[in-house]
Amino acid sequence: MDLSSLNEKQRLAVETTEGPVLVLAGAGSGKTRVLTYRIAHLIRDLGVHPYSVLALTFTNKAAREMRERTSALINRNVDNMWVMTFHSFCARILRIDGQVIDIDRNFTIYDETDKKSLIAEVMRRLNIDSKKLDKSVAAKIISDAKNRYLDPEEALIQASEQIAHIDEIYVEYEKAMRDSNALDFDDLILKTILLFKSAPHIRSKYEVQFKYILVDEYQDTNALQSELLKLLRINNKNIFVVGDDDQSIYSWRGATVRNILDFDEDFPNATTIRLEQNYRSTNTILKAANSIIMNNCDRKGKNLWTHLGEGDSIVHYYASNEFDEANFIAKTIMRNVNAGAKLKEHAVLYRINAQSRVIESTLTSYGIPYNVYGGLKFLERAEVKDIIAYLRLIVNPADRSALYRIINVPARGIGDKTVELLDNFAYEYGVPMIDVLDDGDIFSELPTAAQKKLYPFAALYKELVSLRKETPSAYQFTKKLLDTIGYYDYLKSFGDEGERRLENIQELLNAISEFESNIGDEGDALTLFLENTALATDADTADPNQDKVSLMTLHSAKGLEFFCVFIAGMDEDIFPSSRSTEDPDRLEEERRLCYVGITRAKKKLYLISASERRLYNYPKVYRQSRFMQEIPDFLKVCEGITPLNISFQSYSGYDRYASGSFTSRQSRQSLNTNRFASKPPVKVEHPKVESNYKVGMRVKHDKFGIGVIEAVVGEGGGAIVTVRFDDSTKRLAAGYAKLEIVKE
DNA sequence: TCAGCGCATGTTTTT
DNA sequence: CATGCGCTGA
């Protein structure tokens, strides 16, 4: 491998292949580069078989990127390398070897909604008032216990002193999960650990297979994930973890920076390497990020530096409301695009998904294409969930959550009472609910009234089961299923809305068909497809090569970078969130989140506050985020309405309206006229004198083809013209490069 | 008594 | 989007 493009520290990280290695990698310090070069080095230079490498990430996106970049580096297919998320890794192991601890191969992965509905049901059965204990709260406590302790039951028995009955809920929930042949996200990790502990030969099999383990985003690992890694490394110490304590933003999910701090205890004689040179952002952006994170006490401390130059000032736009905010974003994007930037170089980040709606509709009205990552998306559409629930039930008949969802969809006269009766009946007989329907003998024991209502569904279910037997293709089966259950007619009853839903169903069919043709003989297509949908987010379905603006939460932006980043909602109680301002630890996490957001930007950063916004259909006056004040004034310019002095007492939203709109600081703006149009690698500080070539012109070059002029520096024949071609940006001397102006 | 419908409500962040 | 509530009709 040619490692000459790496800096000294990066090369050390790549070449220290034996023993435990902890890399503390600041934002933009080339972390992914180090990971991919290291894998490439192992395979190419040391002859390690790809099958012996395990690389664990937290998102599918990160896993896919790592695989692709590694493959490109060594110019070889690495499909059989295990690069995946912690959760898919565990799901895979449990499907292969889970039977040893009595886990059925066809288990279903329950998402948060499935989990909560099951907990609600368990609480109903235990006669626990849902008003006294919210099911989400119960779910969170159970999840915390599973994420922090190897013996969650013990932990919950203790917790029940404060929260009555939580231990009983847990026990019943576990039982219901087992009956449903289902695992939740926490179970995937926990059960894999239990498998490894109770079956040492299986643990050892994987330890022998994975001669090298790499872990990305180590600061996001929780106690159990670290335990899992330790189990995989009892004899072999080749473990390489990369993390950044300043980017730890998942402690609410049980992640703990302790894993980084205690790495040397968990894996003795570890080598620690710090990557502090930032290759992504301008110095201005780094300074802003540093000045924010400096306010945190609980950190190791890092010294990020760059030689990319100062760059443009950060723009703080103070909007009158969320529509003004969205308009500003849209206009700025348009201006950048007219100056030659690509849509895909822009990202709009926000704290909560609910903020995306106004931004989406505004971008649409401007005709700006975008992709929303995460949030309410395709897989969360009711109609898609319905069909997936049917498929789940066929693959795993014990899946209660799926049965609950579809037993009366389309409506067939089976209401809550009938379902409750069915459930109680199954409970007393000690069989899964579906067996009551499927087994004629048990079915005939039901009260006649219930039989009458349930019979058509029982018959439908049997028909689906035999249909599945004679239709091996997942795609064909799903098509037939839609006919059999009368889903098309059901959609018609929704009128125009039904048309839209039909399109989504069509999209689902396409996805299944595509998935099916892409997998080889890895297993049953339908089972694997369902696993994929359970562990995937919509970010995975979006094509990153499309030239579209990216919209996502700050959390899902981690690991990504964009030339131009907007952070919307820099308002107190939104960011930092109202739920975090009381607790210093949570506030520090919000601050790290802000640090993550800012360091996504390479060149341009726009922070947007609004004096008033309507969120959750509730209008409210906002104060700008405290984080805005943590960025020193000399790094930013202000635009939009004039923010009042942000003192806590004198604040009044009405004054702000009265003070008139859009009194922006013209004088400061005019110092930097090129601010919106500039694009890397041109620095805006350059005095700009135009020649014949003008910014925005389309020109043709003999070798590079057609491109758009992004900047012109100098005059006449001596001018340097920056042209963005399809896949590269070139700086060309106007006198030599024969640039032909292309008419529109 | 139960099913089904319309309407109001509440939603941090995510594998 | 899911959940809860009140109303209507069988």
Side-chain angles (χ1 to χ4, degrees), chain A residues 56-63 84-91 109-117 120 130-131 134-136 140 143 146-147 183-189 217 220-222 224-225 248-255 349-357 373-386 404-405 407-421 449-450 452-453 493 531-540 552-558 569 573-581 586 589-590 592-594 596-597 615-618:
Chain A
L56 294 170
T57 65
F58 277 88
T59 63
N60 297 297
K61 218 184 331 178
M84 54 188 85
T85 64
F86 271 95
H87 292 87
S88 350
F89 172 71
C90 291
I109 299 169
Y110 271 19
D111 66 13
E112 226 55 26
T113 315
D114 295 318
K115 180 201 278 186
K116 278 180 196 162
S117 71
S130 62
K131 288 190 185 78
D134 184 82
K135 63 179 189 303
S136 304
K140 169 112 180 64
S143 178
K146 283 192 185 181
N147 276 317
L183 300 176
D184 63 28
F185 290 136
D186 310 318
D187 287 336
L188 292 173
I189 315 284
E217 310 281 13
D220 290 339
T221 52
N222 63 30
L224 259 51
Q225 284 154 343
S248 158
I249 54 176
Y250 287 105
S251 72
W252 51 274
R253 216 167 69 188
L349 312 182
Y350 35 81
R351 180 64 181 81
I352 50 177
N353 283 307
Q355 285 175 261
S356 79
R357 241 197 57 238
Y373 292 78
L376 292 177
K377 288 303 303 290
F378 181 65
L379 291 169
E380 307 207 359
R381 298 267 160 76
E383 59 277 16
V384 174
K385 286 178 99 172
D386 286 344
Y404 270 98
R405 184 174 183 104
I407 194 163
N408 200 32
V409 175
R412 40 179 87 90
I414 304 170
D416 289 349
K417 287 291 158 190
T418 312
V419 175
E420 206 177 313
L421 181 107
K452 215 172 200 167
K453 281 179 175 161
S493 71
E531 172 167 324
N532 229 277
T533 52
L535 293 175
T537 52
D538 291 296
D540 308 308
M552 66 187 89
T553 62
L554 287 146
H555 281 88
S556 39
K558 190 149 65 78
D573 286 348
I574 289 181
F575 191 28
S577 101
S578 54
R579 293 167 132 95
S580 64
T581 41
R586 295 178 73 173
E589 179 143 314
E590 294 286 305
R592 291 193 292 270
L593 189 58
C594 187
V596 166
L615 199 60
Y616 306 133
N617 218 15
Y618 181 75

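Residue numbering restarts at 1 for every chain, and letters A, B, ... go by the order of the sequence lines. Below, each value reflects all heavy atoms present in this structure, side chains not excepted, and no hydrogens, waters or symmetry copies.
Gln355(A) has its CD atom 17 Å from the P atom of dT11(B), to the nearest Å. dT13(B) atom P lies 9 Å from atom NE2 of His555(A), rounded to whole Å. One atom, OH of Tyr373(A), and another, C1' of dT13(B), lie 19 Å apart when rounded to the nearest Å. Going from atom CG of Asn222(A) over to atom C1' of dT14(B) covers 13 Å, rounded to whole Å. Rounded to an integer number of Å, the gap from Lys61(A) NZ to dT15(B) C1' is 13 Å. Taking atom NZ of Lys116(A) as the reference point, atom P of dC1(C) lies 17 Å away to the nearest angstrom. For the pair Glu531(A) CD and dT15(B) C1', the computed distance is 12 Å after rounding to whole Å. Atom CG in Asp111(A) sits roughly 12 Å away from atom P in dT15(B) (whole-Å rounding).
Scanning both residues, Ala120(A) and Lys135(A), for their nearest heavy atoms gives CB-CD, 3.5 Å. Residues Thr221(A) and Gln225(A) come closest through the heavy atom pair CA-OE1, 3.2 Å. Residues Asn60(A) and Ser88(A) come closest through the heavy atom pair OD1-OG, 4.1 Å. Closest non-hydrogen pair, Ala255(A) versus Asp220(A), comes out as CB-O, 3.2 Å. Between Leu224(A) and Lys146(A), the shortest heavy-atom distance links the atoms CD2-O, 2.7 Å. Taking each heavy atom of Met84(A) and Phe89(A) in turn, the nearest pair found is SD-CA, 3.4 Å.
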**Message:** For Watson-Crick and G-U wobble pairs within 3.5 Å on both distances, what is DNA chain B written in dot-bracket notation, | included for inter-strand pairing?
**Reply:** ||||||||||.....

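Using cut-offs of 30° and 60° on the angle between ring planes, the pair Phe58(A) and Phe86(A) is tilted.
Phe575(A) contributes atom CZ, which lies 9.0 Å from atom OG of Ser580(A) (distance to the nearest 0.5 angstrom). Atom CG of Leu183(A) is separated from atom NZ of Lys115(A) by 12.0 Å, given to the nearest 0.5 angstrom.
Among the atoms of the strands shown, only primed sugar atoms or phosphate atoms (P, OP1, OP2) are found under 4.0 Å from some heavy atom of Ser556(A). Across all strands shown, Ala382(A) has heavy atoms under 4.0 Å from sugar-phosphate atoms exclusively, and none from any base.
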Distances under 3.5 Å only, N/O to N/O: pair up the protein atoms with those of nucleotides 2-4 of chain B.
| from | atom 1 | to | atom 2 | distance (Å) |
| --- | --- | --- | --- | --- |
| dA3(B) | OP1 | Gly415(A) | N | 2.9 |
| dA3(B) | OP1 | Thr418(A) | OG1 | 2.4 |
| dA3(B) | OP2 | Asp416(A) | N | 3.4 |
| dA3(B) | OP2 | Lys417(A) | N | 3.3 |
| dG4(B) | OP1 | Gly413(A) | N | 2.9 |
| dG4(B) | OP2 | Asn408(A) | ND2 | 2.8 |

Atom pairs, N/O to N/O, protein against nucleotides 4-10 of chain C, distance under 3.5 Å?
none

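Contact check, Arg405(A) against dA2(C): a side-chain N or O comes under 4.0 Å of OP1 or OP2. Here Asn353(A) reaches the OP1 or OP2 of dT14(B): one of its side-chain N or O atoms lies under 4.0 Å away. Look at Thr59(A) and you won't find any side-chain N or O under 4.0 angstrom from OP1 or OP2 of dT14(B).
Although no hydrogens or angles enter the test, the distance criterion places a donor-acceptor pair under 3.5 Å between the side chain of Ser117(A) and the main chain of Asp114(A).
When each of dT15(B), dT13(B), dC1(C) is scored by its nearest atom to the side-chain atoms of Phe185(A), the top-ranked nucleotide is dT15(B). Of all nucleotides listed (dT15(B), dT14(B), dA2(C)), dT15(B) comes nearest to the side chain of Glu112(A).
Salt bridge Arg586(A)/Glu589(A): absent, no basic N to carboxylate O contact under 4.0 Å.
A gap of 14 Å separates the P atoms of dT11(B) and dC5(C), to the nearest Å.
Of the residues Asp187(A), Thr533(A), Leu188(A), Asp184(A), the one that meets the side chain to side chain contact (heavy atoms under 4.5 Å, CB included) test with Ile109(A) is Leu188(A).
dT14(B) has no base stacking with the ring of Tyr250(A) when judged by centroids under 5.5 angstrom apart and an interplanar angle below 30°.
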